[in-house]
2 protein chains.
Amino acid sequence: MRLEPQYKELLNNALELSGQRATKQREHIYALLLQKRNHPTAEEVYVRAKEDMPTISLATVYNCLETLAETKLIRQVNFEREPTRYCPNLTKHAHFYCRESGEIVDVDLSDELLDELMKVLPAGFTAKHIEISYDGACNDCHD
Amino acid sequence: MRLEPQYKELLNNALELSGQRATKQREHIYALLLQKRNHPTAEEVYVRAKEDMPTISLATVYNCLETLAETKLIRQVNFEREPTRYCPNLTKHAHFYCRESGEIVDVDLSDELLDELMKVLPAGFTAKHIEISYDGACNDCHD
DNA sequence: GATTATGTTTGGAATTATTCTAATTACAGC
DNA sequence: GCTGTAATTAGAATAATTCCAAACATAATC
């Protein structure tokens, strides 16, 4: 697995900006998230990371994911009663969770729609972030 | 703590509809959620429940919350890295999570806005539910 | 180029949230 | 008042995550 140059630069800049080092493990985990974008859990990332880096520990996976999330290179996503999942898609989007297949699909959101969502906040409230999760059946799971 | 008649009827109907019994514990927990609407965790519900019902167990609290959520009398809400929280507000609303104070505030949503959110789903996808969480600073937490 | 200081990783233990299990209790219908 | 089923209980088990101390890697300094 190889981290493409533009992402490598993104990663390096983000880490430098926050005064942290670019390590093999961080690079590896970032590459792996970019390569297969299926919103894996930490445990799943751990399993995949070990394929090419057998000595990596689960604690390191958690550390790296936290670092990547802190530096805004990935987002954390939560669904009800499920372990936290991670995704590298930085565009504004929601998540669709299919109850049948368990699949999670990104849903693009327009700036206009997000603006409208911001407008409904009570006076004096400012949101840095909105998390939107749909929950239903995807197009493969209809009768 | 006393469950008001209209809510008692709501509870009884919901339980009967799903073929489950109305028990002291379920009633107590429902009343407690209605009375202080601060989105408590299961653990917090447990602590409060014990004040008036010292022998109730944590497992029962989880069971009751699950039953109430199943019968649509309460909703489960998740925030990143935090335990699942519960709230009895059944109107269509989002949750605002203040990073400063940790407070969670309901934000009302119009049907029009929800319609628009439904319209952005890809063809063939149908959502039963949308979960929207804002994350920022509430009006008490600005400089 | 060796030394030091700091940041990172590692493995395992600890913690937290939640679910499971088996025994007991409560209740609805006969 | 029985009987069968549902619900509760306490505690054990599991799952997700965090913490910790030791080892390792790297950057900065001499």
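Excluded from the calculations below are hydrogen atoms, water molecules and symmetry mates; all remaining heavy atoms, backbone and side chain alike, are included. Letters go in sequence order (proteins before strands), and every chain restarts at 1.
- Distance CG (A:L15) to C1' (C:dT6): 16 Å, rounded to an integer number of Å.
- Qualifying salt bridge (Lys or Arg N to Asp or Glu O under 4.0 Å) partners for B:K8, counting only residues two or more places apart in sequence or in other chains: B:E27.
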What string of B, S and - do you get for nucleotides 5-12 of chain D, 5' to 3', if B is base contact, S is sugar-phosphate-only contact and - is no contact with any protein heavy atom under 4.0 Å? BBSSBBB-
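- For the OP1/OP2 pair of C:dT18 and a distance below 4.0 Å, the side-chain nitrogens and oxygens of B:Y62 include at least one atom meeting the criterion.
- A donor atom on one side chain and an acceptor atom on the other are found under 3.5 Å apart for A:Q20 and A:S18.
- Residues B:L15 and B:T67 are in side-chain contact: their nearest non-hydrogen atoms beyond the backbone lie under 4.5 Å apart.
- The distance from atom OH of A:Y30 to atom P of C:dT8 is 18 Å, rounded to the nearest whole Å.
- Put simply, CD on A:E70 is 12 Å from P on D:dT18, counting in whole angstrom units.
- Applying the salt bridge (Lys or Arg N to Asp or Glu O under 4.0 Å) criterion to A:D111, with sequence neighbours excluded, gives A:K92.
- One interatomic measurement links the two molecules: CG of A:L65 to C1' of C:dT8, which rounds to 15 Å at whole-angstrom precision.
- Remark: A:I29 CD1 to A:L73 CG distance equals 13.0 Å, nearest 0.5 Å.
- Atom CD in A:E66 sits about 14 Å away from atom C1' in D:dA16, given to the nearest Å.
- Of the inter-residue distances, the one linking B:F96 atom CZ with B:D106 atom CG reads 12.5 Å to the nearest 0.5 angstrom.
- Taking atom CD on A:E44 and atom P on D:dA15, their separation rounds to 14 Å, with Å as the unit.
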